[in-house]
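Numbered from 1 within each chain, the chains take letters A, B, ... in sequence-line order. What's counted below: heavy atoms across the whole structure, side chains too, no hydrogens, waters or symmetry copies.
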There are 2 protein chains.
Amino acid sequence: MRKTDRLSELMTILRDGQVHKADDLALATGVSLRTIYRDMEVLVASGVPVQGARGTGYQAQALITLPALHLTEDELEALHLSLAILGESGMEGLADAAASLSAKIEQVLPEDSDSAGEGFGFAAYPFDGAARGVRHMPGLKAAIKARQKLRLRLQTGGAEVIRPLQVDYWGRVWRAIVWSETQAGFAEIRLDQIAEMTVLPGLFVDEPGKSLSDYRAS
Amino acid sequence: MRKTDRLSELMTILRDGQVHKADDLALATGVSLRTIYRDMEVLVASGVPVQGARGTGYQAQALITLPALHLTEDELEALHLSLAILGESGMEGLADAAASLSAKIEQVLPEDSDSAGEGFGFAAYPFDGAARGVRHMPGLKAAIKARQKLRLRLQTGGAEVIRPLQVDYWGRVWRAIVWSETQAGFAEIRLDQIAEMTVLPGLFVDEPGKSLSDYRAS
DNA sequence: TTCCTCCTGACATTAAGTTGTCAGTAGTGA
DNA sequence: TCACTACTGACAACTTAATGTCAGGAGGAA
């Protein structure tokens, strides 16, 4: 039996949530006790919620394994937004579950060292903030498509008239890349910093020095 | 360098969405061309959206990797419900992304062979059905807690007065385990088969032969 | 057609990982 | 305190996986 198959089998056995002695697991899988201890270590390290109690045995909680997924940005956005919506729904139990799932997801999402990024020196991604920020996503995207100017009031208090150019997921935050008319320059605005967003009647066209490709060239 | 580290590094390089020649990847990671070809095969097999074009090079799409997660049932419920809600929201683009993400998740969730289960012989888990079914989850759970009887009308047309005992995720479906007064027996009802659910004024107490532990003993 | 670069199989060699045995430690409940 | 069972380190032996070299093939663009 290959090791990965054996780990799978262990998880199947443990899925019942009952207490299992290492000896029995060893018998069931045909390996030594020492190997079971090692396997349990591997399972724990990979995030499987199983505990071993001395004198008792091993017990896992209800256990559904979602293997690695590769997501597009749209899919990640959908995931964030949907959990945020549920998290604020007040549905008993579900809001908590959405929060804990969201925390698990944030825990494992890659964080590029580059994205430590100046100005973003927060240690954790606050769930409430993400909910508020992600809410603006659809409106921002519509404005980008329609080339519509927006007025943003940020949590820091300032208001800016901007041309939204792009929304992306950079590091562990959703951000908008904008040309700010108020500041006459490019800006990267975290969506969770947006307190209020108002659609303005003015449209914009690509002007030299103010377009997305200019931003990228800088 | 360990293989897994190298695969990680390859993904980091490819994340920029640009075209990369295998030769350059080999130089960057210090292995032979043949090994790069093998590595790319492994990445593709694991779901990474990367393609190699002959004469050109390798290119990946925007790429966010969510490693394996271990969820509780509550968290899976939250995930299903939240995506279902977003999927029906009509938000442009997001409903599609929620659907595609949901499909990815269903694709990889474990399906116990036991759960092929008689009567459930469907090949795929229809998204629409899941949305409708998951909707009843909160009401069911409240009724279980309050020991409230319910009248269910199923998609097959029948109506039953039931005592809801438990909701769980079995195989790839959410189901309710109930004592059906109409049929005088236990039943397992897929949530997506519930067309309508009405709360009745009657409460129930555990009667011998009709409780959850009786179900489990059978 | 030529060039460029991905693609695949085979095989000997090399590298890495895994295992069981043994010894010793430790926590919990009766 | 004792019994039960999880826990950890070390090491030799064994197993499995990975690698590079070589040869040959294939698709797409200029």
| task | Using chain B heavy atoms and a threshold of under 4.0 Å, write down where along DNA chain D the contacts begin and end, 5' to 3'. | result | dA18(D) to dG28(D)
| said: Heavy-atom nearest nucleotide on DNA chain C for Met40(B) versus Thr35(A): which residue maps closer to 5'? | reply: Met40(B)
| Worked verdict on Glu75(B) versus Ser100(A) for side-chain hydrogen bond (donor to acceptor under 3.5 Å, both in side chains) | CA-CA 7 Å; Glu75(B) 285 165 348; Ser100(A) 76; 2.6 Å; yes
| Interface limits on DNA chain C, where chain B has a heavy atom under 4.0 Å of a nucleotide atom | dC4(C) to dG17(C)
| Is there a donor-acceptor pair closer than 3.5 Å between any side-chain N or O of Lys210(A) and the backbone N or O of Glu181(A)? | no
Which pairs of donor and acceptor atoms, one on a side chain in residues 25-37 of chain A, lie under 3.5 Å apart (sequence neighbours left out)?
| unit_1 | atom_1 | unit_2 | atom_2 | d |
| --- | --- | --- | --- | --- |
| Thr29(A) | OG1 | Leu25(A) | O | 2.7 |
| Ser32(A) | OG | Thr35(A) | N | 3.3 |
| Ser32(A) | OG | Thr35(A) | OG1 | 3.2 |

| Backbone N/O of Gln18(A) and side chain of Gln59(A): donor-acceptor pair under 3.5 Å | no
| task | Please answer whether the main-chain N or O of Leu10(B) pairs with a side-chain N or O of His20(B) as donor and acceptor at a distance below 3.5 Å. | result | no
| message | Determine whether Leu66(A) and Leu79(B) satisfy the following criterion, side chain to side chain contact (heavy atoms under 4.5 Å, CB included), listing intermediate values before the conclusion. | response | CA-CA 11 Å; Leu66(A) 190 62; Leu79(B) 182 59; 4.3 Å; yes
| If only atom types and distance count, is the side chain of Thr12(B) paired as donor or acceptor with the main-chain N or O of Ser8(B) below 3.5 Å? | yes
| remark: Ranking Arg2(A) and Gly52(A) by the position along DNA chain D of their nearest nucleotide, the one closer to 5' is Gly52(A)
| message | Checking the side chain of Lys3(B) only, and the main-chain atoms of Asp39(B) only, is there a donor and an acceptor separated by less than 3.5 Å? | response | no
